Amino acid sequence: MCRVSGYIGKKEALPIVMDGLRRQSYGGYDSSGILIGAGFNLVCVKAVGKLENLEKKLENRNLKGNWAIGHIRWASHGGVTEANTHPFWDCKKNIYLVHNGIIENYQELKDKLIKEGHQFISETDTEATVHLIEKYFQGNLEEAVRKALKEIRGTYGFIVIARDDPQKIVAARLSSPLLIGINQDEYIVASDPTAIAPYARKIINLDDYEIATITPNDLFIIKEKVPEILELIPEVAEKAGFPHFMLKEIMEEPEAIENAIRGRLIPEEGSVKLGGLDSVSQKLREVKRLILVACGTAHYAARVGEYMLEEYAGLPAEVDIGSEFRYRKPVVDKETCAVFVSQSGETADTLAALREMKEKGILTLGITNVVGSSQTRETEVGVYTRSGPEIAVASTKAFLGQLATLAMFTVYLGRQREMALVMGKRIVSELSKIPELAREVLKSAPEIKKLAKKYRDFKNFFFIGRKYNYPVALEGALKLKEISYLHAEGYAGGELKHGPLALIDENFPTIAICPSDSVYEKMVSNIQEIKARNGRVLAVATEGNEEIKKLVDDVIYIPKTLEMLTPMLSVILLHLFAYYMAVLLGTDIDRPKHLAKSVTVE
Ligand code: AGP
């Protein structure tokens, strides 16, 4: 999952395209490249490694021009080399292209084009496209692109230019996100709205199979679109004095919950208002089964939702990961509702699962953070989590927004069914207190920092939890893996004795999430199993529980709340723990290696 950026207009293009890449640099950072054009003069510069390496190469080059394209790469096909870095050019160095996505039939195309005499310089899938466009180029670029795309199978967000058809950018999209920012006599193209926000307020989201032809004072799209108003405020994507976006976003977790519940709780009726579902409220009343689909951290939020929906809405709920669900043959019917959870709304595996369910005429509902993303435009209805822009690759505050939204969705469906007014009032009242309780939890940050110091030399970790906190254990392990590169596994507390216990010794600590809930006693037995094998245990427990201190090596506390809401407090401590471990280990916290913010390829 790479990111692309382009500019055509009256201003100097290079600073705008480089800023676009910088703002998207969480979408991949194996290598980067730009091409700048002044009239028929084109200059291409590439660099392996982080964007800073390209910036260094551009220093003192004083490259001028009013049109440019750029790319930041996450290697899918071919090693991390300069030769495999975009932009790619054709045999005559006339056509140049940057691409986000995967060309599935590239080998077939490449073999054919080589037979026709084309010379390839890279191992990538993308390069086949530029030679295919060259094959059809008769002086009109968009025409050549249109013909070439007919032969391509896969996903793409392309930006293409041609020296022999200057002052023109052609952009095309299939599945990978691609947006065009519109201003007086200038256009900015990018994969992500954050790269456009500082320069334009009007955007067009290209739809699948749309091709845009852009010149300094005109934009023509095959299949017309109505511009939307971009909600995003440019300066939001700043660190605001924090050393890392991740820490800033962890500190914004209480606010993320507040934003999600604001204006949606109806305490007096023990219910919630989710405006985005009004048009299907009767249909939702008839739903007999829920399927929740998501990837990564969003998948763990969905798993917490599964427990909530079954226990409090009395609805059978199952959860699956997008990359499996899309190739399964799930048995669904008209009484099934498919719920898709995604921060970015652009995760390819989740979108593919969504399109499968639409194909079958199933009611599709999205729980999404990014406004205007593909998931929000392709689901029938949905609820925004309102967590604000999440920049760090490791998702944190969006997870809290997802949990708050799933808790409200549970009340919404529960009150349509057996959930009594009293229970509805209890959940709504407790949910309204969570932002303040979350701020309490954040006050433990200095303590977590100390604990991270104490545990910094361990190379392997288990995270265990039961019921609502089992998915939290999975999330805690994922965060530690993602940003500290340490080995960590999340397990249901009861599962250890079926194998993983074999790994336990004084060098393999376990983080046990054991609030005082319906499964607390069971968690205590699991902790004793570990202690019996000299395992070290750091517990997350409910304040006031003094007993646990005698049993474990270290304990951190969360305030009391409803069992179903404890994940919204316990996970904050695990996000902080992973963060402080990564700080000690000196990893690139906001841009961990080999990862990217939203996974727009399969
Ligand atoms: C989480 O920290 C990761 N960045 C990743 O697992 C992420 O949750 C996953 O790719 C799903 O992304 P989405 O919520 O944007 O769909």
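Every value quoted in this text rests on a predicted model; they were computed, and no experiment measured them.
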[X] side chain vs [Y] backbone, donor-acceptor pair below 3.5 Å:
X	Y	result
Tyr557	Asn545	yes
Gln402	Ala301	no
His299	Val293	no
Glu475	Pro471	no
Ser122	Thr124	yes
Asn369	Ser342	no
Lys57	Ala47	no
Lys239	His244	no
Gln343	Ala298	no
Glu12	Gly65	yes

Requested in this report: Kindly determine whether Phe158 and His99 satisfy ring pair (Phe, Tyr, Trp, His ring centres under 6.0 Å), including the steps that lead there.
Outcome: CA-CA 5 Å; Phe158 284 126; His99 168 227; 4.7 Å; yes
**Report entry** Arg22, Lys50, Arg3 screened by side chain to side chain contact (heavy atoms under 4.5 Å, CB included) with Ile72, the one that passes
**Finding:** Arg3
Query raised in the report: Picking from Asn84, Val48, Val98, Asn100, what satisfies side chain to side chain contact (heavy atoms under 4.5 Å, CB included) with Arg73?
Result: Asn84
Under a plain distance cut-off of 3.5 Å, with no hydrogens placed, do [Y] and [X] share a side-chain donor-acceptor pair?
X	Y	answer
Ser374	Glu346	yes
Thr297	Ser395	no
Arg466	Asn526	yes

For the [atom1] atom of [X] and the [atom2] atom of [Y], what is their distance to the nearest 0.5 Å?
X	Y	atom1	atom2	result
Leu54	Ser25	CG	OG	12.0 Å
Leu573	Ile511	CG	CD1	10.5 Å
Ile572	Ile250	CD1	CD1	9.5 Å
Ile527	Ile464	CD1	CD1	6.0 Å
Asp590	Asp588	CG	CG	7.0 Å
Leu480	Leu585	CG	CG	8.5 Å

Requested in this report: Kindly indicate, with the supporting measurements, whether the criterion side-chain contact (heavy atoms from CB on, under 4.5 Å) is fulfilled by Leu551 and Val537.
Outcome: CA-CA 9 Å; Leu551 196 54; Val537 176; over 6 Å; no
Is [Y] paired with [X] through a side-chain N to carboxylate O contact shorter than 4.0 Å?
X	Y	result
Glu238	Lys248	no
Asp349	Arg326	yes
Lys597	Glu390	yes
Glu59	Lys56	no
Arg591	Glu52	yes
Glu436	Lys433	no

Query raised in the report: Taking it one step at a time, do Leu538 and Ile556 satisfy side-chain contact (heavy atoms from CB on, under 4.5 Å)?
Result: CA-CA 8 Å; Leu538 161 54; Ile556 22 179; 4.0 Å; yes
Which heavy atom in [X] sits nearest to a heavy atom in [Y], and how many Å separate them?
X	Y	value
Lys479	Ala394	CE-CB, 3.7 Å
Ser570	Asn469	OG-OD1, 2.8 Å
Thr347	Cys295	CG2-SG, 3.9 Å
Val472	Pro567	CG2-CB, 3.4 Å

Report task. Would you please test Ile589 and Phe245 for side-chain contact (heavy atoms from CB on, under 4.5 Å) and show each step? Result -> CA-CA 9 Å; Ile589 289 170; Phe245 278 112; over 6 Å; no
Query raised in the report: Is it true that the NZ or CZ of Lys593 lies under 6.0 Å from the centre of Tyr485's six-membered ring and within 45 degrees of the ring axis?
Result: yes
Report task. Test side-chain contact (heavy atoms from CB on, under 4.5 Å) on Val4 and Gln24 and set out the steps. Result -> CA-CA 8 Å; Val4 298; Gln24 299 180 94; 6.0 Å; no
Requested in this report: Determine the sole option in Glu258, Glu249, Glu252 for which the salt bridge (Lys or Arg N to Asp or Glu O under 4.0 Å) test with Lys397 is passed.
Outcome: Glu252
Requested in this report: For salt bridge (charged side-chain N to carboxylate O under 4.0 Å, His left out), just list the numbers for Lys467 and Glu563, CA-CA rounded to whole Å, side-chain angles, deciding distance to a tenth of an Å, and then say yes or no.
Outcome: CA-CA 9 Å; Lys467 209 173 168 186; Glu563 176 173 8; 3.6 Å; yes
Report task. If the plane angle is over 60° it's perpendicular, under 30° parallel, otherwise tilted; pick one for His77 and Tyr106. Result -> perpendicular
Please tabulate, one pair per line, all N/O donor-acceptor pairs under 3.5 Å involving side-chain atoms of residues 450-463, not counting sequence neighbours.
residue: Lys454; atom: NZ; partner: Asp554; partner atom: OD1; Å: 2.6
residue: Lys454; atom: NZ; partner: Asp554; partner atom: OD2; Å: 3.1
residue: Tyr455; atom: OH; partner: Asp554; partner atom: OD2; Å: 2.6
residue: Arg456; atom: NH2; partner: Leu584; partner atom: O; Å: 3.4
residue: Lys459; atom: NZ; partner: Asp457; partner atom: O; Å: 3.4
residue: Asn460; atom: OD1; partner: His487; partner atom: ND1; Å: 2.8

Taking atom [atom1] as the centre, does [X] end up with more than 12 heavy-atom neighbours from other residues, nucleotides or ligands that are less than 6.0 angstrom away?
X	atom1	result
Lys531	NZ	yes
Lys449	NZ	no
Glu547	CD	no

